[in-house]
Amino acid sequence: MIGIVGGGIAGLSAAYRLQQQGYETRVFEANDDLGGLAAVYETAGDPIEKFYHHLSKSEETIIQLAEELGLGEAIEWRIGKNAYYIDDEVHPMDKPWEILSFPHWSLYDKFRLGMLTLDIDVRGGAPKFDTYEQLDDFEDVPVEQFAREHTTQNVYETFFEPLLDAKFGDRKQDVSAAWLLGRIKFRGERDILKGEVLGYLDGGFGRLLDALVEAVGRENIETGMRVTGIQDKDGQVTKLTAQDESGESTYDVDNAIVAAMPNVLEELTGYTCNIDFQGSVCSVISMQDRLMDTYWLNIADKAPFGALIEHTNFVSPDRYDGEHLLYVARYIQSPEENVWQQDDDEIRETWLNGIESLFPSFDRETVNWVQTARNPRTAPVYERGYLDMVIPYDLSEQIANGIYYAGMASRTQYPERSLNGGIEAGFECASLINEQLTINK
Ligand SMILES: Cc1cc2nc3c(=O)[nH]c(=O)nc-3n(C[C@H](O)[C@H](O)[C@H](O)COP(=O)(O)OP(=O)(O)OC[C@H]3O[C@@H](n4cnc5c(N)ncnc54)[C@H](O)[C@@H]3O)c2cc1C
């Protein structure tokens, strides 16, 4: 049997692929719910992800998987409007004329930023088209130095720096320019007249998880069961132990995939990974009225959150019985941070006070409910030298034959972690196991 640690998208995808290839698999999920970071809340209408989620057009594996599972038609491509809050004003930032009229940049600032996003290096006067081709060349370059040199000081200070602060806090000086370039290349399609085209699944990504669970077979998935050990004998994995309320059970396995964060791999096998992770506190606020007309609002002014994401400006509120749903989110670099220490009621106050100070017309009486999710590990810090720290899929050399890794420290989760990256990591492990077992037949 192949044991899979973790019932998030990566673990479920690995189980799905292996079962298609005829292998017996069992997924062990520590929580009572499946889905990990893609788990959902129920609402009066469709379920909603606890942490905001959308797709980019470049993510093909998740689209293929949805098609295989009969959900191809449910993927919707919509415009997700972006804006930037600076000096008490919201500036839409989608259409060329909106960017051209952004008052905080000179024409030269706009030209330099525009050239970088088009992959054209204009330093020194003569345009070069191949500078940004090899991301590896920028692995050791600090993002701040890169952004200042490849755009302008003003673009860095009024744009990149606030975004880096929101995304990485005081770790921003550790982040590599390769990450930024990867993000620029990773961006999907843009409609020049409307803005960024993003994907969502009609009914929420919970539907994809449900379809995977059905395909894998609920009887092959254990929830509320934490894996506590993976044993090997003579260099070959042999057993997996897992614990639920009723005690510990041992399972014979010939392969095991750890589809969870690297700290879980370390606890189970001793393999250490030096990638640092940041946590998140993310609430969904249900409101009677819409707050703004943007989907994604980045914020340069002082605020207790990094971004406001009004989901129902992307997907119609009709799907949620008319409720307007707003994500309020903040990355956490250290457990000492105030927001991490706050309970749900205090977080609600912090968020509502912050929204009121940015949008004085916001009326907190129109809030229906607030649900808050916290997780200490939600995104890697993409620091310099990151790719050297990525965990290989096949850990036979490092730990024992039959141990594989498909969690967030996998190569497919760079330069941004995603559902697509989780699925690809799960599929990579499934295909390596299939190759190995086919050779051994
Ligand atoms: C704020 C935020 C925004 C995001 N936005 C997007 C987005 O817009 N688009 C997108 O595609 N992706 C987005 N993502 C990323 C996406 O959610 C993740 O990449 C993906 O869900 C990771 O899946 P996973 O299976 O690798 O890990 P996880 O979802 O973390 O699953 C791992 C599972 O392992 C379980 N586990 C841990 N230890 C054990 C153990 N010992 N035994 C058994 N089970 C165990 C955990 O309970 C968990 O369920 C976002 C994530 C966050 C947090």
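Whatever order the structure lists them in is the order used to number ligands and atoms, beginning at 1. Note that the structure is a prediction, hence the values are computed from the model and not measured.
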Looking at Ser357 and Tyr85, what are the two nearest heavy atoms and their distance? O-OH, 4.4 Å

Min side-chain heavy-atom separation Phe362-Val367 under 4.5 Å: yes

Could you check atom 44 (N) of ligand 1 against the protein and tell me its nearest heavy-atom contact, residue, atom and distance included? Ala30 N, 3.1 Å

Under 4.0 Å, counting heavy atoms only: does Glu49 come that close to any atom of ligand 1? no

Tell me: protein heavy atom nearest atom 19 (O) of ligand 1, and distance? Ser418 O, 3.0 Å

Just wondering, are more than 12 heavy atoms of other shown residues or ligands nearer than 6.0 Å to CD in Gln173? yes

Below 4.0 angstrom from a heavy atom of Asn31, which ligand 1 atoms are there? Numbered from 1 as shown, please. 47 (O)

Counting heavy atoms under 4.0 Å, the part of Phe28 that contacts ligand 1 is backbone

Between Val227 and ligand 1, is there a nitrogen or oxygen pair with a distance under 3.5 Å? yes

Can you tell me which residue pairs pass the ring pair (Phe, Tyr, Trp, His ring centres under 6.0 Å) test with a partner in residues 212-232, sequence neighbours excluded? none

Establish, for the pair Lys57 and Trp77, whether the NZ or CZ atom is under 6.0 angstrom from the six-membered ring centre and no further than 45 degrees off its axis. yes

Indicate whether any N or O donor in one side chain lies under 3.5 Å from an N or O acceptor in the other, for Thr238 and Gln231. no

Looking at Phe160, Phe138, Phe168, which hits ring pair (Phe, Tyr, Trp, His ring centres under 6.0 Å) with Trp179? Phe168

Among protein heavy atoms, which sits nearest to atom 15 (C) of ligand 1, and what does the distance come to when rounded to 0.1 Å? Arg417 CD, 3.4 Å

Any heavy atom of Val264 under 4.0 Å from ligand 1? The part involved is side chain

Between ligand 1 and Glu267, can you find any atom pair, the residue atom being a heavy atom, that is separated by under 4.0 Å? no

Parallel, tilted or perpendicular: rings of Phe314 and His311 (30°, 60°): perpendicular

Leu419 neighbourhood, listing ligand 1 atoms whose heavy-atom distance to it stays under 4.0 Å: 10 (C), 11 (O), 12 (N), 21 (O)

Scan the protein's non-hydrogen atoms and note whether one is under 4.0 Å from atom 17 (O) of ligand 1. yes

Best match, Thr378, Leu268, Asn420: closest heavy atom to atom 53 (C) of ligand 1: Thr378

A student checking ligand 1 against Ala260 at a 4.0 Å heavy-atom cut-off should list atoms 34 (O), 37 (C)

Among Val5, Ile4, Ile9, Thr223, which residue places a heavy atom closest to atom 20 (C) of ligand 1? Ile9

Distance filter under 4.0 Å to Gln413 heavy atoms, resulting ligand 1 atoms: 19 (O)

Which protein heavy atom lies closest to atom 8 (O) of ligand 1, and at what distance to 0.1 Å? His54 N, 3.0 Å

Is the count of non-hydrogen atoms from other residues, nucleotides or ligands lying under 6.0 Å from Glu60 atom CD greater than 12? no

Gly6 heavy atoms, cut-off 4.0 Å: which ligand 1 atoms fall inside? 33 (C), 34 (O), 35 (C), 44 (N)

So Met287 and Glu323, do their side chains get closer than 4.5 Å, heavy atoms only? no

Among all protein heavy atoms, pick the one closest to atom 4 (C) of ligand 1 and tell me residue, atom and distance. Tyr52 O, 3.3 Å

Specify the protein heavy atom at minimum distance from atom 26 (O) of ligand 1: its residue, its atom name, and the distance to 0.1 Å. Ala10 CB, 3.6 Å

Please write down residue, atom name and distance for the protein heavy atom closest to atom 30 (O) of ligand 1. Leu37 CG, 3.8 Å

Decide whether a cation-pi geometry holds between Arg17 and Phe427; the criteria are a distance under 6.0 Å from NZ or CZ to the six-membered ring centre and an angle within 45° of the ring axis. yes

Verify the ring-centre separation between Trp296 and Tyr84: is it less than 6.0 angstrom? no

Is there a polar contact between ligand 1 and His53, counting only N or O atoms under 3.5 Å apart? yes

Mind checking side chain to side chain contact (heavy atoms under 4.5 Å, CB included) for Glu435 and listing every partner two or more places apart, or none if nothing turns up? Ser431, Leu432

Out of all atoms in ligand 1, which are within 4.0 Å of some heavy atom of Met225? Include the element for each. 43 (C)

Geometric class of the Tyr386/Tyr414 ring pair [parallel <30°, tilted 30-60°, perpendicular >60°]: parallel

Nearest protein heavy-atom contact for atom 48 (C) of ligand 1: which residue, which atom, what distance? Glu29 OE1, 3.4 Å

Contact partition for Ala259 relative to ligand 1, non-hydrogen atoms under 4.0 Å: backbone

